[in-house]
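Heads up: the structure comes next, in C-alpha cells.
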Amino acid sequence: MSSTLIKNGTLVTASDAFKANLLIADGRIAAITRETPAAQRVIDAAGKFVLPGGIDVHTHLNTLGGPEMFTADDFYTGHRAAAFGGTTCHIQFADQFRGQSMRESYAWWRDISRDKAVIDYGFHLMIIDPTEGVLGEIAKFREWGVNTIKVMMAYKGRVMLNDDAIFKVMRLAKQHGCMVLTHCENGEAIDVLQHAAAAAGHTAPIHHALTRPPELEAEATERAIQLAQAAGGAPLFVVHCSHTGALQAVVRARARGEAVWAETCTQYLFFTKDKLRGKKGNAFEGAKYVCSPPLRESDDMAALWQGLASGDVHSVSTDHCPWRFDVHKSRGRDNFMNIPNGVPGIEERLMMLWDAGVNSGLLSPSKFVELTSTAPAQLFGLRNKGALAIGHDADVVVWDPAKKHTIRAARLHGNMDYSLFEGMAVTGKPSQVFSRGDLLVDGDEWLGAPGRGQFVMRGDAAQ
Ligand SMILES: [Zn+2]
C-alpha cells in the first residue's frame with residue numbers, strides 16, 4: 001500500500017483546468033478533492049499544473065536500421081529520457097523481421113523490452129513481408145493486445161509495401177478491429193529522384209529533402225485515404241504529417257465523415273528544410289535533421305500549428321528514432337542516401353510544445369493535454385491512461401510552468417549525442433513524474449527501475 005497526495009496544484013484535463021488535490025493510492029488515481037486526505041507522501045504543487053502523463057504514440061527504440069545497426073536508445077535509456085520529459089507511456093513500432101511470422105516478431109519485441117521497460121508501452125505491428133501467412137495473422141493481433149498495423153508507402157526495395165498489399169492489410173484491419181497507420185510518401189517516385197541525384201553526383205544532406213518533394217507526400221496521403229475507403233472504411237491514422245497538402249487531404253476526408261486522423265511530430269513544428277543545409281563550412285551537420293518525410297517550409301509549419309489549434313491535427317508525437325551523429329549519421333558522410341533516417345526528441349517533446357504552444361497563447365493547457373495525452377489514449381485504446389480520472393492509472397506529471405532552462409544534449413537522459421533543439425531556451429518543465437503511482441523523476445533525480453514498465457493490452461481503437 002502506498003499513497004501520495006499532490007496538493008494545491010491546478011489540475012488540467014482535456015476540457016478543463018481547476019484547483020484541487022489529487023490522491024494516488026495503489027498506483028491509481030483515488031480521489032480528486034478539495035479535502036486534504038492523509039497520505040504517506042505529500043507534494044506541494046502550489047503554482048504548478050498537474051497533468052496526465054504524456055503519451056508518445058510514435059517511437060523507434062531498439063530498432064534495426066541496417067546491418068548490425070540499432071537505434072541508440074533501448075527500452076531503458078529511451079524510457080528514462082521519456083520520463084524526464086514527462087512522458088509516461090508510448091507506442092513503439094514493432095517491426096516485422098523479414099522471413100519471420102508476426103508472432104515471432106511480436107515475441108522478439110516482447111522479450112527485448114520486458115526487463116528494460118520503466119514506463120508503460122504498447123506496440124504497433126509493422127508488416128514488411130506481407131505473405132499470405134503473415135496476412136492471416138492479423139486476425140490474432142487483438143488477442144496480443146495490439147489494435148494497430150503500420151504500413152510503409154516509402155522506402156522502395158526495403159520496407160515499402162505495394163498498393164495491393166496495403167489494400168489487403170486495410171481490408172483485414174477493418175474486418176478484425178484494427179486501425180492502419182501509414183507512412184505516406186510515394187516510394188516509387190522518390191526512387192526515381194534519388195537515382196537522378198546519384199547520377200548527378202549530389203551527395204549532401206540537403207538532397208534528402210530535395211528528392212522527397214511535398215507533392216509525393218500529398219499524393220500518398222490522398223491515395224491511402226482513398227484505399228482505406230475502398231477497403232470498406234478502414235480506420236486510418238496518417239503518421240508524421242509534415243505538409244499542408246497532406247494535411248488538407250485529411251481535412252477533406254474528415255469533412256466527408258471518414259475515419260481518418262492526422263499526427264504531426266515536434267520537429268515539423270520548429271524547423272524547415274534549410275536545416276539540412278548544415279552550417280557554414282560544414283554541410284554534413286545537416287544530417288542531424290534527416291528524417292522522412294523531410295522538414296518542409298515555414299508555410300507548412302504555420303499550417304501545422306494552426307491545425308493543432310483548430311483540431312485538424314489530432315496528436316503530437318516524436319517519431320523518436322535516435323541515430324547518433326558520431327557513429328550512425330556519419331555513415332552517410334559521402335552520400336546522403338546512407339544517412340539513417342530519423343531524429344531524436346522523446347525527452348524534449350512536451351517542453352518544446354509547451355513553450356512554443358502554450359506560452360505563446362496559441363494552445364490552452366487543456367489543448368496541450370488533449371494533443372499529448374488524452375487524444376492519443378482514446379485513439380489507440382489505452383483505456384486507463386490519458387486522463388486525470390478516478391480509477392485511472394496514476395500516470396501524473398507535476399509541471400512547473402515557470403521553470404526556465406536551456407535544452408542541452410549533454411543534459412538529456414537518453415543515449416544521444418545531439419538534440420535538434422540544442423541551445424533553445426524554454427520555460428516549463430516537469431518537477432515530478434509518476435507512473436502508476438511510482439515516483440520516477442523528482443527534479444533532477446532518477447528513481448526509475450528497469451523492468452517495472454508494463455506492456456499495455458489495448459482495447460478498441462477509434463473507428
Ligand atoms: Zn517513424
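As the structure lists them, so they are numbered: ligands from 1, and atoms in each ligand from 1. Remember, predicted model here, so these are calculated numbers, not experimental data. Position 1 is the first residue of the sequence, and the numbers go up from there.
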N, O or S atom of His240 closer to the Zn ion (ligand 1) than 2.8 Å
no
Any N, O or S atom of His60 closer than 2.8 Å to the Zn ion (ligand 1):
yes
Looking only at side-chain N and O atoms, does His392 offer a donor or acceptor that is under 3.5 Å from a partner on Asn384?
no
Are a donor atom and an acceptor atom from the side chains of Thr272 and Arg296 found within less than 3.5 Å of each other?
no
Among N, O or S atoms, Asp319 approaches the Zn ion (ligand 1) most closely through OD1
Salt bridge Arg252-Glu222, side-chain N to carboxylate O under 4.0 Å
yes
Should the pair Phe271 and Phe421 be assigned to parallel (<30°), tilted (30 to 60°) or perpendicular (>60°) ring geometry?
tilted
